[in-house]
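For ligands, and for the atoms within them, numbers begin at 1 and follow the listed sequence.
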Amino acid sequence: MPVKTETRPTAPGTVTPKPRPITRPADDGDLAILGGRPAFGRPRHVGAPNIPDRETLMRRLDAVFEGGRLSNRGPFVRIFEEQVTKLTGVKHCIAMCNGTVALEIGARALGLADEVIVPAFTFVATAHALRWQGIQPVFCDVDPATHNLDPAKVEALITPRTTGIVAVHLWGRPAPVAELEAIAERRGLRLMFDAAHAFGCGPAGHMIGGGGDLEVFSFHATKFINTAEGGAVVTNDDDLARRVRLMQNFGFTGLDEVSALGVNGKMNDLAAAVGLSSLEHLEEWLAVNRRNRAAWADALAAVPGVELQNWGRPENRNDQYIVAEVDAVAAGISRDHLVNALRAENVLARRYFYPGCHNMEPYRSQPPAGGWNLPATEEVCRRVMVLPTGTAVSRSDIARMGRLVARVVAKGDAVTAALEENS
Ligand code: T4K
């Protein structure tokens with residue numbers, strides 16, 4: 001095979017990669033996809049939960065049961081909310097049962113209706129939270145360098161029916177907050193940030209959370225700070241906070257008094273106990289995320305066509321996702337074949353957020369006249385591969401997984417032939 005060099009065009013904000021020859025890794029046995037044994041006996045996941053110190057957690061759970069207050073804003077939920085406001089520097093935090101319901105309530109409290117501009121390159125919950133209440137998501141393209149909404153393309157989609165913008169801080173890297181706030185203000189639109197990935201981005205007191213009208217965190221098990229299931233709305237707007245809290249608790253304003261339409265979006269106290277115990281590890285787990293990212297950067301440095309997404313100032317990111325882009329030409333293997341070969345080794349890489357919300361139902365069946373125009377989203381959907389990280393993954397695991405990526409790439413033709421023969 002000829003020596004390949006990196007030929008990928010660079011996007012603004014990325015460092016120009018140097019051409020580099022393929023280095024052939026030592027071959028230790030056949031790849032699983034070629035008939036060998038899987039390299040890992042136990043799967044390595046993208047979203048394996050970080051588990052807080054169990055003794056402290058068990059003491060908190062005991063206290064919940066002893067106190068007999070399991071839900072309806074018990075003491076642990078209140079402390080959790082306080083801690084989130086302190087860390088983020090945002091005035092109000094309303095803890096929720098999950099991020100999706102938090103987005104739904106946030107959208108409703110903001111009065112979003114008709115059309116709302118949203119990226120298609122996100123977890124489908126961002127779009128579903130709108131559509132669930134009859135709002136039409138209008139999918140906007142992303143910046144291929146950052147994977148976040150492209151403000152210039154947002155402007156072009158605004159119509160008289162547009163009521164708001166929902167931006168996502170994808171992968172735990174800030175979206176262009178100031179630019180989007182300027183557009184929202186100029187055009188009289190509401191602005192909500194889906195910050196499901198973005199807890200702990202930035203230093204304490206200046207963390208992501210105070211952008212737009214409100215922001216929404218997820219504390220799902222797969223997030224690096226988790227409450228098993230959970231989420232939160234954070235906002236600096238007193239009136240909005242009051243409305244969100246009302247909506248989250250059936251609209252109750254007194255024991256027997258309901259003064260607004262509401263649902264049940266409450267976080268329970270067992271979840272908050274998990275959250276508080278997780279928050280005690282915040283700095284430690286951020287350090288693990290950064291350590292793992294550095295280990296992945298080393299492990300992939302010599303692999304042609306597999307590039308770690310490197311956008312954003314390191315101190316502003318939480319690095320909870322390890323996102324690589326695969327250039328099929330430079331790598332000599334497609335992203336999908338690479339992912340499948342790794343999965344056969346029990347390295348459970350993911351294609352998040354393939355194929356893009358616009359290619360999922362109900363959006364796929366109801367494109368606008370002329371179809372969706374999302375070339376950067378399509379391209380990113382073809383290239384992205386998310387790799388295992390978190391406290392369940394060690395540095396030596398990453399070195400081994402990196403060698404596996406290199407071996408799959410080095411055997412790209414054989415792996416492709418094997419996968420295509422079996423399809
Ligand atoms: N907005 C954005 C941008 C989001 O990414 C999300 C959620 C939301 C909104 C909505 O927030 P929530 O309502 O979920 O709070 C997972 C998560 O379920 C989802 O929370 C997350 N984003 C999304 C990116 O990832 P799946 O369908 O990929 O989950 P699943 O079951 O395949 O799990 C992922 C990996 O984690 C697997 O390899 C297994 C492993 N895992 C998972 C769980 C739950 C574990 O090892 N242990 C576990 O307990 O969606």
Side-chain angles (χ1 to χ4, degrees), residues 40 42-52 84 94-107 116 118-132 137 139 142 146-149 166-175 192-199 201 208 214-234 248 263-268 271-272 274-275 278 318 320-323 339 342-343 345-357 360 377 380-381 384-393 397 401:
F40 289 89
R42 179 174 61 80
R44 297 300 188 271
H45 293 281
V46 165
N50 289 338
I51 309 291
V84 172
I94 301 102
M96 298 268 183
C97 54
N98 61 52
T100 306
V101 169
L103 284 170
E104 287 169 7
I105 292 176
V116 169
V118 65
F121 191 61
T122 177
F123 191 59
V124 73
T126 317
H128 276 358
L130 299 171
R131 186 55 182 262
W132 190 252
F139 294 120
V142 291
T146 68
H147 299 183
N148 277 324
L149 263 189
V166 177
V168 183
H169 303 294
L170 207 77
W171 311 130
R173 290 142 193 225
M192 173 160 85
F193 284 96
D194 177 341
H197 300 178
F199 191 73
C201 285
I208 284 287
L214 63 81
E215 304 216 26
V216 168
F217 292 122
S218 166
F219 298 111
H220 182 260
T222 53
K223 303 295 181 290
F224 87 107
I225 294 291
N226 82 83
T227 59
E229 287 279 358
V233 168
V234 285
Q248 175 228 31
V263 290
N264 181 357
K266 290 168 279 137
M267 179 181 279
N268 70 68
V274 179
S278 297
N318 63 26
Q320 69 177 311
Y321 290 99
I322 302 292
V323 184
V339 165
L342 290 174
R343 292 181 72 87
E345 306 286 350
N346 264 332
V347 175
L348 302 186
R350 296 289 297 254
R351 299 188 297 178
Y352 289 135
F353 290 101
Y354 178 86
C357 295
M360 295 177 176
T377 300
V380 169
C381 280
V384 160
M385 171 174 74
V386 182
L387 294 159
T389 185
T391 54
V393 173
D397 284 343
M401 290 191 279

Counting C-beta onward and ignoring hydrogens, is there a side-chain heavy-atom pair between P388 and H45 closer than 4.5 Å? no
Nearest candidate to atom 42 (C) of ligand 1, where distance is taken over non-hydrogen atoms, out of V101, N226, T222: T222
Atoms in ligand 1 flagged as close to N98, the criterion being non-hydrogen separation under 4.0 Å: 13 (O), 15 (O)
If we only count heavy atoms from C-beta on, is the Y352 to V323 side-chain gap below 4.5 Å? no
With a 4.5 Å limit on heavy-atom distance, are the side chains of L130 and H128 in contact? no
Interfacing atoms of ligand 1 (cut-off 4.0 Å, heavy-atom, G230): 15 (O)
Between F219 and ligand 1, which part of the residue brings a heavy atom under 4.0 Å of the ligand: side chain, backbone, both or neither? neither
closest protein heavy atom to atom 13 (O) of ligand 1 is T100 OG1, 2.6 Å
Heavy-atom distances under 4.0 Å are what count here, so tell me which part of L348 touches ligand 1: side chain, backbone, both or neither. neither
When distances are taken from atom 38 (O) of ligand 1, the protein heavy atom at minimum range is H45 ND1, 2.8 Å
To the nearest 0.5 Å, tell me how far L387 CG sits from R350 CZ. 12.5 Å
Assert yes or no for the condition that the ring centre distance of F353 to H197 is strictly below 6.0 Å. yes
Should you measure from each heavy atom of S218, which atoms of ligand 1 turn up under 4.0 Å away? 11 (O), 12 (P), 15 (O)
Would you say ligand 1 has an N or O under 3.5 Å from any N or O of H197? yes
Are side-chain heavy atoms of H147 and V384 found at a separation under 4.5 Å? yes
Hey, are the side chains of I105 and V263 touching, using non-hydrogen atoms and a 4.5 Å cut-off? yes
Starting from atom 35 (C) of ligand 1, find the nearest protein heavy-atom neighbour and note its residue, name and distance. G47 N, 3.8 Å
Against ligand 1, does A129 come closer than 4.0 Å with any heavy atom? no
Can you find a heavy atom in the side chain of C97 that is under 4.5 Å from one in the side chain of E229? no
Top protein contact for atom 26 (P) of ligand 1, by heavy-atom distance: Y352 OH, 3.7 Å
Judged on heavy-atom distance to atom 22 (N) of ligand 1, which of H169, R343, K223, E229 sits nearest? K223
Relative to the heavy atoms of T122, which atoms of ligand 1 are at a distance of less than 4.0 Å? 3 (C)
Heavy-atom distance under 4.5 Å between the side chains of L342 and M401, does that happen here? no
Nearest-0.5 Å distance, CG of residue L103 to CG of residue L214: 9.0 Å
Within the structure, does L103 bring an N/O atom to less than 3.5 angstrom of an N/O atom in ligand 1? no
For A48, the atoms of ligand 1 under 4.0 Å from one of its heavy atoms are 46 (O)
Which protein non-hydrogen atom lies closest to atom 48 (C) of ligand 1, naming both residue and atom, and how far is it? P49 CG, 3.8 Å
Report yes if the distance between the aromatic ring centroids of F219 and F199 is under 6.0 Å, otherwise no. yes
Drop me the distance from N50's CG to T391's OG1, to the nearest 0.5 angstrom. 3.5 Å
For atom 1 (N) of ligand 1, find the nearest protein heavy atom and state the residue, atom name and distance (0.1 Å precision). D194 OD2, 2.7 Å
Closer than 4.0 Å to some heavy atom of A125 - which atoms of ligand 1 meet that? 8 (C), 9 (C), 10 (C)
Would you please classify the geometry between the H169 ring and the F193 ring as parallel, tilted or perpendicular, with 30° and 60° separating the classes? parallel
Side chains of C381 and P355: does their closest heavy-atom pair fall under 4.5 Å? no
Around atom 6 (C) of ligand 1, find the nearest protein heavy atom and jot down its residue, atom name and distance. F123 CD2, 3.3 Å
Taking only non-hydrogen atoms of A196 and a 4.0 Å limit, the atoms of ligand 1 in range are 1 (N), 2 (C), 3 (C), 4 (C), 6 (C), 8 (C), 9 (C)
Where is the nearest protein heavy atom to atom 44 (C) of ligand 1: which residue, which atom, and how far? H220 CE1, 3.6 Å
With a 4.0 Å cut-off, strictly under, does atom 31 (O) of ligand 1 pick up any protein heavy atom? no
